[in-house]
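Some notes on the structure that comes next.
The chains referred to below are lettered A, B, ... by the order of the sequence lines, with proteins before strands, and numbering in each begins at 1.
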Amino acid sequence: MNSRSANSATALRRLMTEYRQLTSGGSPDGMFTAGPISESDFFTWEALICGPKDTPFEGGVFAAKLAFPTDYPLSPFKMKFDPPLFHPNIYPDGTVCISILHTPGDDPTMYEQASERWSPVQSVEKVILSVISMLAEPNLESPASVDCSKLYRDDRAEYERRVRESIREQLGL
Amino acid sequence: MTNMDPNAPSESEDAPAAPRIRSSDLPNVEGDPAPPAPREINEDTPLSSLSQAEIAALTEKMLNNPETRTKLIAEITPISELRAEYLDGSQSVVRQIDWLQAHGYTQFRRAARDGNCFYRSVAFSYLDRLLHAPNIPATVARFRDVLASKEFGLTLAFQDEIYKEFSEQLYTLMQLVEDFGAALTTEDLLDRLLEVSDYVSYYFRLIASAEIRNNPEPYRDFIFDQEIVAFCQSQVEAVDSEADHIPMMALCNALRITLKLATLSSHVQGSVQEVDVFTVISPDDAMDRDLPPILLLFRPGHYDILLSPN
């Protein structure tokens, strides 16, 4: 047994446990679903997230890919919206920038000291709930999309219009 | 095992694109400084010339290097090697190392500086003491009972039984010690521990954190400007967060173990006394008084393992 297989065995078991809990318990208010894309690869998940009510994202359903490392949950997973979402804390390629997915040593913007960080007692569910609240309330202190952050700050009405427009586009309306 | 490191970040399309600095509605800046060309960094590169990005890249390279990963806890090293490193530095540290040498503490093991040095060093010493206990099965049973008594508190502090994926790695190693006893050498044990030391270290973090969360009184006065839970999340449960005296006390209290800490301080004036060097943390209900204490060597910001005099 080498450390790599010990790692991925633990990771696999953790992912199966989380998946079982998500499928049996469901998410709070049915706000999202998440699970592996295929049975042959438990380390790549897809999540479908409903846009939170009373925000410009209401009515949208957003798909994100979750990529788990072999030493999960010691290291966090990566989350990427596909197609990308227009949001201050989402990079133009769709990758989510949120403190709960960063370890304390990994702080690209140095603005997250006080915020909640990744630790192995976090879970897919807790992260996605944080992402949903991030959709409702962007964190302008660590912008991932500079253009979007500027728009959000300077012209909120136009920001909301662009978000709604992108949702309509994604829905094919 | 291949040379591919599973932890190495891929340079594929997964890496987030850099945010666009220049906004479309801003005028173009003349003479935009070009990004510095990547350069080769070698032993002769002056440290002061390294940019933040270069330092970050070097650190990441080191942490992901399988060579350095296997040295999470290094082989036994004469402490004179450490002394040599301080000859041009703090003479106070040199005098304390001299004191340790004069009292028989001549060897130590270096622990990797990755934020887990305290927990990993304790984990190693915790298991190595079992291996050298006079009656291994009885001692393993006693240690296992104390660990089992923590499980209710762990369930209370962290919903579900999330701790089990970490605790079982420690139990497996304890079982190994019990099954093989003296047929297992310390180096065998170390090899086995290093395969799973991130998990065992994390289990000790959870135990320390649950102790603080469930029984905050002895620790509250040492935690400033932070709620207990926020402190635990950011300073104990976060992987790689370094241990200060609070989780150290909590871990000893929870596991009922005795820790003897040799501190190398740069502020000791004049001749060195035992009280300048050693601090003993031993809870009233310590259950390991028949064993030599866990012995660590502390320099500000880092813990190594100190070997007892033979």
With a 6.0 Å cut-off (strictly less than), is the heavy-atom count around [atom1] of [X], excluding the residue itself, greater than 12?
{"X": "A:K53", "atom1": "NZ", "answer": "no"}
{"X": "A:E137", "atom1": "CD", "answer": "no"}
{"X": "A:R161", "atom1": "CZ", "answer": "yes"}

(message) Listing request: all salt bridge (charged side-chain N to carboxylate O under 4.0 Å, His left out) pairs with a residue in residues 162-173 of chain B, at least two apart in sequence or in separate chains.
(response) A:R13-B:E168, A:R14-B:E165, B:E161-B:K164
(request) Taking the side chain as every heavy atom from C-beta outward, state whether A:L74 and B:Y199 have any pair of such atoms under 4.5 Å apart. (result) yes
(message) I'd like to check A:P120 versus B:F158 (side-chain heavy atoms, cut-off strictly below 4.5 Å). Are they in contact?
(response) no
(request) Please identify each residue that fulfils salt bridge (Lys or Arg N to Asp or Glu O under 4.0 Å) with A:R164, with sequence neighbours left out. (result) A:E160
(request) Mind listing the closest non-hydrogen atom pair of B:A238 and A:S119 along with its distance? (result) CA-CB, 4.1 Å
(message) Between B:Y163 and chain A, with a heavy-atom cut-off of 4.5 Å, which part of the residue counts as in contact: side chain, backbone, both or neither?
(response) neither
(message) So, taking the atom named CD in A:Q122 and the one named CD in B:E237, what distance separates them when rounded to the nearest 0.5 Å?
(response) 8.5 Å
